[in-house]
K.L.:
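The structure follows.
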Amino acid sequence: MSVSGLGGSNVNIKSKIKGVISNGSGSYKRVVDFHVVPKITNMIPVNSFDISHIVFPSNVHLADSTFNTSNSIDALLSVDIFFDILKDGKYKLDNGNLILQNTEFGYIISGNTSRFSSGSLHCGLITKDFETLNDTLKSFWEIEEIVPTKFVSDELKKCDEHFLKTMARTF
């Protein structure tokens, strides 16, 4: 099996393991197949950032209390599992830039952290159908292609005409 990622990178998956994911209380358990790859992505977040100024609601238990510290990713859950773990409960923090979403594992946090970090950003995408994605992106760039137009003033046109009339090439 091969999995395609951003920029057409392909990873061949040679093995998978069956495992169980569960929350701390044991109220959520699910058997899942994990596809084994050398590396899921780079460190997330790219740069650690300070969250001391963010006031979290008192009833919020974070699924990952070190979410702001750059670290490796251990597992990537499929979309069917992701939507299965979502629960009611959502908060917007930091003027709406950050969103806390309740899950079976505690609250997860997402949103725009660019104002907390400097330098590089991370964008990830995984797809099984790379050809469709490639065709869509190709179509987008063809539609969005900007044909450069050359502005030529009347004065410049006259100069070009004069040059062509009076210039002679000798060898």
Side-chain angles (χ1 to χ4, degrees), residues 1-52 54 56 60-94 96-146:
M1 176 181 196
S2 179
V3 177
S4 297
L6 193 63
S9 61
N10 287 311
V11 175
N12 288 321
I13 297 174
K14 297 176 183 166
S15 59
K16 68 179 180 178
I17 59 169
K18 194 170 286 292
V20 176
I21 58 171
S22 64
N23 60 9
S25 69
S27 63
Y28 179 86
K29 288 184 182 178
R30 183 164 171 176
V31 176
V32 295
D33 288 328
F34 289 100
H35 299 281
V36 179
V37 295
K39 182 179 180 181
I40 296 171
T41 186
N42 291 329
M43 305 286 267
I44 301 287
V46 174
N47 300 306
S48 298
F49 57 93
D50 180 35
I51 58 167
S52 60
I54 300 173
F56 291 94
V60 165
H61 168 73
L62 294 175
D64 178 8
S65 60
T66 61
F67 72 91
N68 62 310
T69 304
S70 187
N71 208 338
S72 61
I73 300 299
D74 299 320
L76 182 64
L77 301 178
S78 63
V79 71
D80 61 321
I81 295 171
F82 175 76
F83 283 105
D84 186 45
I85 66 170
L86 292 180
K87 294 173 69 174
D88 288 337
K90 183 164 83 171
Y91 296 97
K92 290 187 177 186
L93 305 177
D94 194 46
N97 289 318
L98 302 176
I99 297 172
L100 289 174
Q101 174 65 54
N102 196 12
T103 72
E104 294 287 351
F105 301 99
Y107 280 83
I108 57 174
I109 192 161
S110 65
N112 185 351
T113 60
S114 61
R115 71 180 196 87
F116 301 120
S117 61
S118 60
S120 50
L121 297 174
H122 176 81
C123 175
L125 172 67
I126 295 178
T127 179
K128 286 185 180 179
D129 190 4
F130 178 71
E131 290 304 316
T132 302
L133 174 64
N134 190 39
D135 292 343
T136 302
L137 286 173
K138 185 177 177 182
S139 174
F140 169 78
W141 286 113
E142 286 171 356
I143 291 168
E144 294 296 317
E145 184 177 0
I146 299 172

K.L.:
Does some side-chain heavy atom of Tyr28 sit less than 4.5 Å from a side-chain heavy atom of Asp84?
P.N.:
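Side chain of Asp84 against side chain of Tyr28, heavy atoms only: contact under 4.5 Å found.
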K.L.:
Report yes if some heavy atom in the side chain of Leu98 is under 4.5 Å from a heavy atom in the side chain of Phe56; otherwise report no.
P.N.:
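No, side chains not in contact.
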K.L.:
Closer than 3.5 angstrom, by distance alone: can the side chain of Ser70 be matched with the main-chain N or O of Ile44 as a donor-acceptor pair?
P.N.:
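Not a single qualifying donor-acceptor pair exists.
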K.L.:
Atom OG in Ser48, atom CE in Met43: separation rounded to 0.5 Å?
P.N.:
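Here the interatomic distance stands at 8.0 Å.
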K.L.:
Looking at every heavy atom in both Gln101 and Lys87, which two are closest together, and how far apart are they?
P.N.:
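So the minimum-distance heavy-atom pair works out to NE2-O, 2.8 Å.
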K.L.:
Restricting to pairs with a member in residues 60-88, which pass ring pair (Phe, Tyr, Trp, His ring centres under 6.0 Å), not counting sequence neighbours?
P.N.:
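Every candidate ring pair (Phe, Tyr, Trp, His ring centres under 6.0 Å) pair involving residues 60-88 fails, so no pair, neighbours aside, qualifies.
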K.L.:
If you compare all heavy atoms of Ile40 against all heavy atoms of Leu76, which two are closest, and at what distance to 0.1 Å?
P.N.:
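In this case the closest contact between Ile40 and Leu76 is CD1-N, 3.9 Å.
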K.L.:
If every non-hydrogen atom of Asn23 is compared with every non-hydrogen atom of Glu104, which pair is closest and at what distance?
P.N.:
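Looks like ND2-O, 2.9 Å.
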K.L.:
Under the side chain to side chain donor-acceptor pair (under 3.5 Å) rule, collect the residues that match up with Ser72, sequence neighbours excluded.
P.N.:
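Applying side chain to side chain donor-acceptor pair (under 3.5 Å) to Ser72 gives none.
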K.L.:
Going through the distances and angles, do Asn71 and Thr69 end up as a side-chain hydrogen bond (donor to acceptor under 3.5 Å, both in side chains)?
P.N.:
CA-CA 6 Å; Asn71 208 338; Thr69 304; over 6 Å; no
K.L.:
By side chain to side chain donor-acceptor pair (under 3.5 Å), which residues pair with Asp88, not counting sequence neighbours?
P.N.:
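Side chain to side chain donor-acceptor pair (under 3.5 Å) check on Asp88 returns nothing, list empty.
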K.L.:
For Ser78 and Asp80, which I'm curious about, is there any donor-acceptor pair between the side chains at under 3.5 Å?
P.N.:
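Yes - a donor-acceptor pair under 3.5 Å links their side chains.
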K.L.:
Do Lys18 and Val31 come close enough that some side-chain heavy atom pair is under 4.5 Å?
P.N.:
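Yes, side chains in contact.
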K.L.:
Answer yes or no: is there a side-chain heavy-atom contact under 4.5 Å between Leu62 and Leu100?
P.N.:
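They are in contact (side-chain heavy atoms under 4.5 Å apart), so the answer is yes.
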K.L.:
Does any part of the side chain of Val37, heavy atoms only, come nearer than 4.5 Å to the side chain of Ile13, both counted from C-beta?
P.N.:
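Heavy-atom side-chain distance check passes, below 4.5 Å.
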